[in-house]
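Numbering of ligands and ligand atoms starts at 1, following listing order.
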Amino acid sequence: MATIINGKEVAAKIRAELKKEVEELIKNGIYPKLAVIMVGNDSASAVYVRNKSKACNEIGIEFEEFLMEENTTREQLLELIDKLNNRKDINGILLQSPIPKHLDIREAFNAINYKKDVDGFHPINVGKLAIGEDCFISCTPAGVIKMLEEYNIPIEGKHAVVIGRSNIVGKPLSQCLLNKNATVTICHSRTKNLEEITKQADILVAAIGKPKFVTENMVKQNAVVIDVGINRTEDGKLVGDVDYEKVEPKATYITPVPGGVGPMTIAMLMTNVVKAAKNLK
Ligand code: NAD
């Protein structure tokens with residue numbers, strides 16, 4: 001039987017620690033503040049933004065939301081980012097994705113001051129991660145590493161196989177694992193003989209976006225299995241990228257969905273905002 005990695009519990013612990021840290025910062029006249037920009041009215045994004053605002057409230061981080069119309073122009077968006085870059089009271093800027101198709105999200109991410117880039121998407125932060133310098137790390141990968149560390153799961157020397165190569169999860173997570181001295185293999189949609197590779201993993205990460213994609217035949221006995229996927233089934237249930245019931249008996253550690261990686265993402269965002277506030281003081 002695998003040990004279930006309780007992301008909800010780890011995330012709650014991180015938030016409690018941050019709350020204390022923020023109290024201290026406030027005593028010293030530093031008021032961490034996150035600005036969130038949302039363009040258009042995507043209903044899923046609205047839920048994510050609300051959750052971020054709730055987490056900020058709980059910890060004592062100030063929160064300001066900037067809602068822009070669906071027909072916002074490129075110039076209007078860049079102008080707002082520029083304004084927030086220059087506002088001394090704002091430490092972190094987050095542009096909620098997706099944004100309407102007529103806007104270039106990469107251009108917008110690149111316009112955010114990398115010192116306020118609490119999502120870790122700016123090329124300077126991505127580059128610093130690649131060369132192992134202190135930087136803002138994308139929140140979901142940072143959350144995965146934090147979970148492994150909290151459960152004292154060794155990374156060094158292990159073969160980590162990451163399925164997925166997106167810029168927000170697969171690639172930065174692979175880089176984080178490499179920085180922690182794992183031997184990393186990145187698999188993706190064009191990978192041949194996927195099962196042969198995943199079966200070699202001491203640490204197997206699924207970041208694919210396909211419900212129950214990872215089955216027991218793809219997993220080595222006693223592997224650590226991290227499920228980043230969040231998928232909704234037809235009957236409205238949340239499931240991961242891993243077929244949990246089948247894979248769990250083979251694993252030593254496994255993350256559930258929900259309650260695994262998901263809660264860690266916001267906790268790491270909060271960590272990044274506090275880090276930004278300390279850096280900018
Ligand atoms: P994405 O669609 O950008 O990337 C998916 C990756 O999976 C791609 O790199 C692709 O090459 C790979 N892939 C697709 N089909 C494959 C196949 N048959 N075999 C091997 N690889 C395949 O997705 P993403 O943004 O990286 O997100 C991945 C999953 O993680 C989604 O379910 C998403 O909802 C979830 N997610 C969760 C969190 C969280 O907080 N827990 C955060 C971000 C994303």
Could you check which of [options] puts a non-hydrogen atom nearest to [atom]?
| atom | options | value |
| --- | --- | --- |
| atom 38 (C) of ligand 1 | I168, T140, N231 | T140 |
| atom 30 (O) of ligand 1 | N167, V228, D241 | V228 |
| atom 4 (O) of ligand 1 | G170, S189, S166, S97 | S166 |

Inset, instruction - Give a yes/no on ligand 1: does A207 have at least one heavy atom closer than 4.0 angstrom to it? - result: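 Contact present.
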
Inset, instruction - Compute the minimum heavy-atom distance from G262 to ligand 1 and say whether it is under 4.0 Å. - result: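 Within the 4.0 Å threshold, so yes.
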
Legend entry - N or O pair under 3.5 Å between I230 and ligand 1: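 Right, the criterion is met.
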
Inset, instruction - Just need the protein heavy atom nearest to atom 9 (O) of ligand 1, so name the residue and atom and give the distance. - result: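 Minimum-distance protein heavy atom for atom 9 (O) of ligand 1 reads R165 N, 2.8 Å.
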
Inset, instruction - Please write down residue, atom name and distance for the protein heavy atom closest to atom 19 (N) of ligand 1. - result: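 Looking only at protein heavy atoms, the one closest to atom 19 (N) of ligand 1 is F213 CZ, 3.5 Å.
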
Legend entry - Y114 and H122 aromatic ring geometry - parallel, tilted or perpendicular at 30°/60° bounds: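 Plane angle between 30° and 60°, so tilted.
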
Legend entry - E107 CD: over 12 foreign heavy atoms closer than 6.0 Å: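 Atom CD in E107 is packed in, count exceeds 12.
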
Inset, instruction - Count the heavy atoms belonging to other residues, nucleotides or ligands that lie under 6.0 Å from NZ of K8, then report whether that count exceeds 12. - result: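 Result for NZ/K8: open.
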
Inset, instruction - Would you sort out whether I153 and Y253 count as a side chain to side chain contact (heavy atoms under 4.5 Å, CB included), showing the intermediate values? - result: CA-CA 9 Å; I153 297 169; Y253 290 90; 3.6 Å; yes

Legend entry - Under 3.5 Å: donor-acceptor pair, side chain of Y151, backbone of T3: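 Answer holds: no.
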
Legend entry - Under 3.5 Å: donor-acceptor pair, side chain of N272, backbone of V118: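 Present.
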
